[in-house]
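Data first, discussion second: the structure below is written as structure tokens.
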Amino acid sequence: MYLCMESTKLLLVDDEDNQRQMLAGFLTKKGFKVSEASSGESALDLYPSIFTPVAVVDMKMPGMNGIQLISRLREINPFVQIIVLTAFGSVETAVEAMKAGAFHYQTKPVELEELLFNLGKASEQHRLVTEHEVLNETVRQRFGSGEIIGESMALKKVLELINLAAPGDSNILITGPSGTGKELAARAIHSLSSRKDKAFIPVNCAALPENLLESELFGHEKGAFTGAIKRKLGRFELANEGTIFLDEIGDMELTTQAKLLRVIENREIERLGGEKAISLDVRLICATNKNLESMVKESRFREDLYYRINVVGIHMPALKERSGDVLLLADRFLKEFAGRMGKNIGGFTADAAAALNSYDWPGNVRELQNVVERAVVLTRGETITGQELPGLKDVGESSNISGFEKIADVEKAHIRRILEANGWNLGQSADVLGIHRNTLRTKIKEYGLSEE
């Protein structure tokens, strides 16, 4: 099954006229708008005027080869998704193409249904990558350097929800373990909303005792209690026309929960010691690391308040659930802290990167940030080694990945694991791997895998 490709633009590059024309005719019938080129040089001349999201490139061509063309195309459009056509058995060349930035490779003779499947995946990948980049660019422009960093599917789902929820005024509940960036998500929502030019007021409900929290939220009049020597505006008033962010709302006492519920229902507050209701226009975002549903069942959190604040729910995944994001985040923190401290540190050594990737990160992004900052402080060289990361389990002790030297080795081992986990069922294994069944059969042959 492949995705609908109606009106998708595509660049097809192949020096064999018959092959190119056959593929172009087939893909045109399937709804593609195909632009043809017979060489890498002519493809580069053509591409700036068509700027297609997807390209199919033959590996062996006279003059500029496929590898060179991939690099040049990605210089023009970093988001273009390229499928490489290569002769059967040329695994090393295909891996080199993947390193150069190709999305996928397919062996000749070309299986047309498999090509459609791969083109569907490539088009979807282009959509996800560009949407993610557009959102992050918008966040960068409106929210400065505090962008949400990562490329994992778990984080992309969060970004999609943020993008969908931000323009409205619905109450939002952000859940997730401590250190996952719940406030960062709340600030991103505010910065992408129509209230972006108004105040964003955060309140940590766990940091204040009940009597002080009420005063902090709703304000007080002079003489409302001992020590109230003058009128004080509460956080809700300060956030008027903007956004108020109630962090750790699961720590709020039931009496304060009741008052918060009235504020949400009536859209007005009363200062402590006051007699006048004050109308407000405030967007409410709450966050917690607790299971509010369980707290509702245990009568520790009001059920009516729970449903009021949880109109839109966004769950921030733990760092261990964000496959591939650890090194992206670590690199960003490294640049940030090295710049602050005036140190010239180029990156992480292989053993340091392996240790970062293999650790479970119970403290999530906040823990990773602290670990990298400490490493930058301690290092005296131009790279961070495993010695500057004490306490992180060495990947070599628990995994064989550090022993691999080539991408092909990693791919072969991964395919074997998936096949064995699925009892060598090709259909199920192909679904898990996200590739066509014919592609999986080809790779099994190329790597000499067998069910033994």
Worksheet item: Distance from Cys286 atom SG to Asn310 atom CG, nearest 0.5 Å?
Response: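 Interatomic distance, Cys286 SG to Asn310 CG, rounded to 0.5 Å: 9.5 Å.
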Taking [X] for its side chain and [Y] for its backbone only, find out whether a donor-acceptor pair lies under 3.5 Å.
X	Y	answer
Asn171	Arg308	yes
Ser123	Gly120	no
Arg195	Gly242	yes

Worksheet item: How far apart are the closest heavy atoms of Leu292 and Gly250, and which atoms are they?
Response: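 What the structure gives for the nearest pair is CD2-CA, 3.9 Å.
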Residues, nucleotides or ligands: over 12 heavy atoms within 6.0 Å of [X] [atom1]:
X	atom1	value
Glu293	CD	no
Gln68	CD	yes
Phe51	CZ	yes
Arg72	CZ	no

Worksheet item: Between Thr385 and Glu388, does a side chain to side chain donor-acceptor pair (under 3.5 Å) hold up when you go through it step by step?
Response: CA-CA 6 Å; Thr385 69; Glu388 282 87 47; 2.9 Å; yes
Worksheet item: Is there a donor-acceptor contact under 3.5 Å linking the side chains of Asn118 and Tyr105?
Response: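 No, because no side-chain N or O of Asn118 sits under 3.5 Å from a partner of the opposite role on Tyr105.
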Worksheet entry | Modelled atom types, side-chain donor and acceptor of Asp15 and Ser38, under 3.5 Å |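 Result is no, nothing qualifies.
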Discussion item. Can you classify the ring geometry of Phe337 versus Phe333 as parallel (below 30°), tilted (30 to 60°) or perpendicular (above 60°)?
Written reply: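 Plane angle between 30° and 60°, so tilted.
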Practice prompt. Measure the acute angle between the ring planes of Tyr306 and Phe301, then classify it against the limits of 30° and 60° as parallel, tilted or perpendicular.
Written response: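 Correct class here is perpendicular.
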Item to complete: Scan for salt bridge (charged side-chain N to carboxylate O under 4.0 Å, His left out) pairs involving residues 313-328, sequence neighbours excluded, and state none if there are none.
Response: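 Sorted result for residues 313-328: Arg322-Asp325.
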Practice prompt. Step by step, work out the side chain to side chain contact (heavy atoms under 4.5 Å, CB included) result for Ile249 and Met252.
Written response: CA-CA 5 Å; Ile249 194 171; Met252 184 180 286; 4.2 Å; yes
Acceptor/donor pairs from residues 338-349 side chains to any protein atom, 3.5 angstrom cut, sequence neighbours excluded:
| residue | atom | partner | partner atom | Å |
| --- | --- | --- | --- | --- |
| Arg340 | NH2 | Glu336 | OE2 | 2.5 |
| Lys343 | NZ | Val376 | O | 2.8 |
| Lys343 | NZ | Val377 | O | 3.0 |
| Lys343 | NZ | Thr379 | O | 3.0 |
| Thr349 | OG1 | Asp351 | OD1 | 2.3 |
| Thr349 | OG1 | Ala352 | N | 3.4 |
| Thr349 | OG1 | Ile384 | O | 3.3 |

